[in-house]
Amino acid sequence: GQQLNQSPQSMFIQEGEDVSMNCTSSSIFNTWLWYKQDPGEGPVLLIALYKAGELTSNGRLTAQFGITRKDSFLNISASIPSDVGIYFCAGYNGGSQGNLIFGKGTKLSVKP
Amino acid sequence: DTGVSQDPRHKITKRGQNVTFRCDPISEHNRLYWYRQTLGQGPEFLTYFQNEAQLEKSRLLSDRFSAERPKGSFSTLEIQRTEQGDSAMYLCASSLLASTLYGYTFGSGTRLTVV
C-alpha cells in the first residue's frame, strides 16, 4: 500500500530557530495536509495544499506541495515553546473515500 | 458545537473482554471516520460512514471489530475478545461531504490499554 516517508523523525531546537521537515511518497497525491498532535489529543489541521507547486502560509508556518506531487515540506519560523508536539503529513488521493494516508511524524522539541 | 467528541477518553480492559467506544461528530458533518494510532506511528484508517452507510473498511478491521452509525449521527466502534495488540489510540474524525478535506476534524481519541 501507499506509504509516506517523513523526516526527520525528531528535532531538538532552540527557541527562535527555524524548523524544516518534509514528507515523500512513492506515489502521487492530489492533496497534502499537515497536522500537529499534542500528547493525548487528536491531530489538528495546520495547512492544506490542493495544487502541485502551491505554497501556503498560516502565521509562522509555511508549507509547499511539491511539483512532482510526491512530496511536501513544512517550515516553522522563529519557533516558540508551544510549537512542541508531533507533526504529521497526510496525503489524499481524491475519489469517494476520503481516508488519509499519514506519515510517522516528526517530534519537535523546543528548548527555551 | 464543540467539535468531535469521543467517549471514553481512556479505557483499560482485560484481554478477552469486549469494549465499545462512542464518537459524536460535528452535527452537520455527514461523513465519519475511524482511525487507529499506535505508539510512534501516524493514524491508520479503519473505516468510514457516509450518513448511516458504512462505505469502506480497511484490512486492519478484523472480524473482531465492528462499527455502526445507526441514525447517521453518532457512531460506535466495538472490539470483541480484545487482544494486547489492540492497545492503541482510536481516533474518530468527521467531515462534510461537500468539503471532504477542509472540514476534516479529529476528536481527542480513546486510549485503549489491554492488559
Side-chain angles (χ1 to χ4, degrees), chain A residues 1-10 21-25 29-51 54 56 58 63 65 72 74 85-109, chain B residues 2-6 8-10 21 23 25-26 29-51 53-61 88-113:
Chain A
Q2 289 175 310
Q3 291 186 339
L4 295 186
N5 297 308
Q6 193 170 344
S7 65
Q9 283 188 321
S10 61
M21 58 191 79
N22 67 74
C23 210
T24 59
S25 169
F29 284 107
N30 294 329
T31 301
W32 284 92
L33 305 169
W34 285 92
Y35 286 86
K36 178 175 185 265
Q37 187 173 29
D38 292 327
E41 298 295 328
V44 174
L45 182 64
L46 300 173
I47 291 182
L49 302 157
Y50 299 105
K51 223 165 76 165
E54 180 182 353
T56 298
N58 177 9
F65 190 149
S72 177
L74 174 71
I86 302 179
Y87 291 79
F88 290 98
C89 59
Y92 172 65
N93 272 337
S96 60
Q97 286 80 21
N99 57 290
L100 305 176
I101 311 285
F102 281 84
K104 293 187 176 182
T106 294
K107 185 175 181 181
L108 179 64
S109 302
Chain B
T2 55
V4 178
S5 176
Q6 291 189 246
R9 291 294 310 274
H10 303 275
F21 311 139
C23 171
I26 293 173
H29 285 186
N30 48 15
R31 282 197 176 181
L32 186 148
Y33 312 82
W34 285 99
Y35 285 77
R36 182 177 72 183
Q37 185 177 23
T38 53
L39 205 60
Q41 303 293 319
E44 295 173 291
F45 171 75
L46 291 178
T47 188
Y48 93 99
F49 293 84
Q50 184 171 308
N51 299 313
Q54 188 173 15
L55 296 186
E56 188 179 0
K57 300 183 199 180
S58 92
R59 285 171 290 180
L60 292 176
L61 210 67
M89 172 82 90
Y90 290 85
L91 292 162
C92 176
S94 70
S95 73
L96 273 172
L97 178 60
S99 56
T100 298
L101 292 179
Y102 189 74
Y104 209 118
T105 305
F106 282 87
S108 295
T110 294
R111 166 77 63 193
L112 172 67
T113 303

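Bear in mind the structure is a predicted one, so any value in this text is a computation, not a measurement. Keep in mind that the numbers below use all heavy atoms, side chains included, and drop hydrogens, waters and symmetry copies. Chain A is the first sequence line, chain B the second, and so forth, proteins listed ahead of strands; every chain is numbered from 1.
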Could you tell me which non-hydrogen atom of [X] sits nearest to which non-hydrogen atom of [Y], and how far apart they are?
{"X": "A:Phe88", "Y": "B:Gly42", "value": "CE2-CA, 3.3 Å"}
{"X": "A:Asn99", "Y": "B:Phe45", "value": "CB-CD1, 3.2 Å"}
{"X": "B:Leu91", "Y": "A:Pro43", "value": "CD1-CD, 3.9 Å"}
{"X": "A:Glu41", "Y": "B:Ser108", "value": "OE1-OG, 2.8 Å"}

With only heavy atoms counted, which part of A:Ile86 is less than 4.5 Å from chain B, the side chain, the backbone, both or neither?
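For A:Ile86, neither part sits under 4.5 Å from chain B.
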Which answer fits A:Gln37, side chain, backbone, both or neither, if we ask what part of it has an atom under 4.5 Å from a heavy atom of chain B?
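Looking at A:Gln37, just its side chain touches chain B.
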Proximal component of B:Gln37, with respect to chain A [non-hydrogen, under 4.5 Å]
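Contact with chain A is through the side chain of B:Gln37 alone.
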Before we go on, tell me: are the rings of B:Tyr104 and A:Tyr92 under 6.0 Å apart, centre to centre?
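No, too far apart.
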